[in-house]
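Proteins come first, then strands; the chains are lettered A, B, ... in the order of their sequence lines, and each starts at number 1.
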Number of protein chains: 2
Amino acid sequence: MKRFLTLAGAAYFFAASAVADLRATGDLGVVIERETGSVQVINTSTPKMLSRIEGLGDLSHASVVFSRDQRYAYVFGRDGGLSKIDLLQDKIEKRVVQAGNSIGGAISQDGKVIAVSNYTPGGVKLFDAETLEQLAEIPAVYGDDNQLSKVVGLVDAPGGRFVCSLFEGNEIWLIDAKNPRQPVVKKFKDIGKQPYDALLTPDGHFYAAGLFGEKGLALLDLWQPELGVKHILDDYGKDDEQLPVYKMPHLEGWTVAGELLFVPAIGLHEVLVIDKHDWELVKRIPVVGQPVFVMSRPDGRQVWVNFAFPDNQTVQVIDVKDFNVVKTLQPGKAVLHMEFSPRGEAVWMAVRDEDRVMVYDTESFNETARLPAQKPSGIFFSNRANQLGL
Amino acid sequence: MKRFLTLAGAAYFFAASAVADLRATGDLGVVIERETGSVQVINTSTPKMLSRIEGLGDLSHASVVFSRDQRYAYVFGRDGGLSKIDLLQDKIEKRVVQAGNSIGGAISQDGKVIAVSNYTPGGVKLFDAETLEQLAEIPAVYGDDNQLSKVVGLVDAPGGRFVCSLFEGNEIWLIDAKNPRQPVVKKFKDIGKQPYDALLTPDGHFYAAGLFGEKGLALLDLWQPELGVKHILDDYGKDDEQLPVYKMPHLEGWTVAGELLFVPAIGLHEVLVIDKHDWELVKRIPVVGQPVFVMSRPDGRQVWVNFAFPDNQTVQVIDVKDFNVVKTLQPGKAVLHMEFSPRGEAVWMAVRDEDRVMVYDTESFNETARLPAQKPSGIFFSNRANQLGL
């Protein structure tokens with residue numbers, strides 16, 4: 001009878017722990033810990049760390065997308081690793097090394113397909129989001145000799161499509177992946193020299209690729225792709241004299257706030273404001289350093305800016321109403337990334353050299369939490385599952 | 001020993017069922033079944049019904065908001081009932097009847113406070129989102145005799161605020177609920193006769209209240225509330241001759257697509273297009289009946305429209321690119337409500353008199369699923385947790 005009670009107790013324990021473990025996925029996220037190849041699973045409501053998951057390989061320049069149910073985080077590593085993390089069970093569900101050198105990825109509008117953009121071998125691969133089975137390989141061939149190009153600026157777009165750019169190929173590709181085993185590629189050639197990164201406007205309407213080999217950007221209107229690619233912002237971009245490669249600002253550092261784009265100036269202590277209607281520069285806002293990420297609060301009222309070394313301990317906040325800097329914060333050494341809560345009441349910052357994540361209230365600018373992290377370099381919240389073009 | 005095995009089996013069963021029950025909350029939703037006072041919990045990826053929850057009282061004109069983690073649905077019933085449904089455990093977590101007659105509610109930007117707007121007694125009540133403990137009661141007093149007004153058009157706004165309108169009071173109230181036990185109310189008086197409903201633009205910038213007692217709308221710029229309330233769209237609204245109360249279109253049937261508002265014309269077979277910059281009418285689009293809900297696909301490329309009786313078996317789709325009706329669908333008798341998936345690849349429709357929910361692909365316009373439901377009247381997906389002004 002003692003054994004009976006013990007076992008009933010065991011059964012009760014299982015049931016009770018099942019209830020205690022119930023976890024929703026709407027307010028989860030991951031923090032990238034680059035040097036240790038690990039990620040933290042975090043809860044943004046509490047806020048707190050739920051777990052640390054290791055063994056994710058080279059996480060330099062890592063990016064993350066989320067499954068439609070916000071249960072799984074797909075982590076794209078620099079080493080070609082594609083890892084599917086289960087946020088409910090705090091473990092790696094599946095991991096494949098799908099290329100030698102990879103630069104990012106995207107998840108299809110319906111959540112069923114993961115796309116990865118690779119440097120080596122240059123191309124795009126499509127995977128089943130559930131199993132990580134490879135569905136298609138699209139080599140980034142260009143030119144008369146069928147050379148392979150590095151692929152950059154890969155995003156999902158409405159209509160079950162992906163868009164990407166070929167760095168050496170000088171092309172933009174519009175990939176219809178509604179049948180992901182037989183994707184159909186529409187190629188736009190000679191779009192400008194060496195597209196190095198790109199963005200999709202949050203409404204999925206425009207795809208803009210930054211050019212490394214010349215000034216300006218290449219713009220594709222996805223509502224009217226038949227019109228081809230246009231060249232915009234002729235004065236924006238590379239100046240050979242002063243700009244080493246590593247200072248080219250990634251376009252993921254651009255932001256759209258209402259009808260305006262806020263963009264880091266290259267090599268200058270300025271944020272540029274661009275009108276989305278005509279893609280013309282309307283304003284230069286002086287800031288404390290060379291901007292890296294220029295990020296809009298979800299409601300578009302504020303834009304938060306972090307900076308390159310030696311100003312990377314500082315964050316500034318611009319009020320979109322009148323383009324003034326309304327706050328300067330000093331979160332600590334090496335603020336590398338920021339992420340807003342879905343409705344914008346809070347912003348999280350990865351402060352690498354202080355080994356911590358900081359949380360601020362965006363109205364009062366007060367610090368509301370700090371969490372320990374190992375050299376955090378990126379923060380990604382699960383509500384990204386609901387957004388286009390990430 | 002037999003008992004031992006049986007109990008070990010029982011323990012195993014508990015553990016196994018706990019794993020099998022793991023459910024994420026990013027792709028959940030509820031379908032309102034008005035006549036039976038029940039809701040279905042549904043999964044939008046599969047798609048399928050997960051459960052039916054009964055005992056929710058009078059669900060006519062019911063609306064729903066979701067907790068920050070997308071685990072709980074708060075259902076506002078007409079009878080003053082406020083029900084908190086646990087989407088992970090398929091049950092009512094808590095239910096209070098907080099007024100005699102209620103018209104809707106909202107959840108604060110940080111997810112901590114539920115606000116309910118009441119007709120009887122007229123006012124707003126604030127509740128703790130976790131416990132449903134009442135935190136504050138704000139009677140809608142107006143005029144010299146401190147009469148009580150019905151409260152309508154309650155929405156959440158950035159900065160921990162709520163906004164609502166007083167139907168008999170002719171006022172708009174901006175409620176600072178950062179300290180929800182001691183909310184601070186800023187009152188805008190004489191804003192126009194009998195505001196009957198309102199909307200917040202998705203960026204949280206503008207609050208617009210429709211007027212029952214006169215033509216036009218009252219507009220409050222939440223970025224500059226000190227400028228007071230303006231009167232806009234002087235030709236839009238009530239015409240005593242032709243419009244009984246029940247035909248006044250609710251402003252939740254309005255939609256913002258990029259820089260344009262799409263609005264049901266009153267008493268006409270038209271959708272009106274309004275420029276958000278100057279609030280002027282720029283286009284009238286002929287449609288098949290009198291529009292009820294005019295809803296933008298999340299990327300703003302399409303607008304879907306359903307209609308009042310006798311045209312409520314029809315849905316039309318407008319292409320925002322050129323304002324043409326590009327598709328006319330016949331989902332069945334009494335299409336009462338529509339809800340888009342977060343990234344817009346699918347739309348769900350409550351087809352009341354066919355006792356079913358229909359799902360369509362928004363690119364091909366093909367039907368992709370139909371689910372049985374008891375006189376469905378409304379559909380709400382959990383990603384609403386991430387949106388302002390709902």
Greatest number of non-hydrogen atom pairs under 4.5 angstrom with chain A, of B/His205, B/Arg68, B/Lys276, B/Gln70, falls to B/Arg68
A/Ser108 versus chain B, heavy atoms under 4.5 Å apart: side chain, backbone, both or neither? backbone
Measure B/Leu200 against the heavy atoms of chain A and call it side chain, backbone, both or neither at under 4.5 Å. neither
Strictly under 6.0 Å, is that where the ring centroids of A/Phe381 and A/Trp348 end up? yes
Main-chain N/O of B/Lys178 paired with B/Asp176 side-chain donor or acceptor, under 3.5 Å: yes
Heavy-atom distances under 4.5 Å only: say whether B/Gln224 touches chain A with side chain, backbone, both or neither. side chain
Identify the heavy atoms of B/Tyr360 and B/Phe365 that sit nearest to each other, and give their distance. CD2-O, 3.5 Å
Under 4.5 Å, counting heavy-atom pairs only, tell me which of B/Lys321, B/Glu363, B/Arg297 racks up the most with chain A. B/Lys321
Under 4.5 Å from any heavy atom of chain A - which part of B/Thr44: both
Does B/Phe380 have any ring-ring contact (aromatic ring centres under 6.0 Å, His included) partners at least two apart in sequence or in another chain, and if so, which? B/His337
In short, B/Leu132 meets B/Lys94 closest at the heavy-atom pair CD1-CG, 3.6 Å
Can you name the residues that form a side-chain contact (heavy atoms from CB on, under 4.5 Å) with A/Asp322, not counting sequence neighbours? A/Asp319, A/Asn324
So which of A/Leu388, A/Asp69, A/Asp299, A/Asp203 has the largest heavy-atom pair count under 4.5 angstrom toward chain B? A/Asp69
Which portion of A/Glu345 sits near chain B, non-hydrogen atoms under 4.5 angstrom: both
Determine the option with the most heavy-atom pairs under 4.5 angstrom with chain A, choosing from B/Asp361, B/Thr362, B/Leu87, B/Asp156. B/Asp156
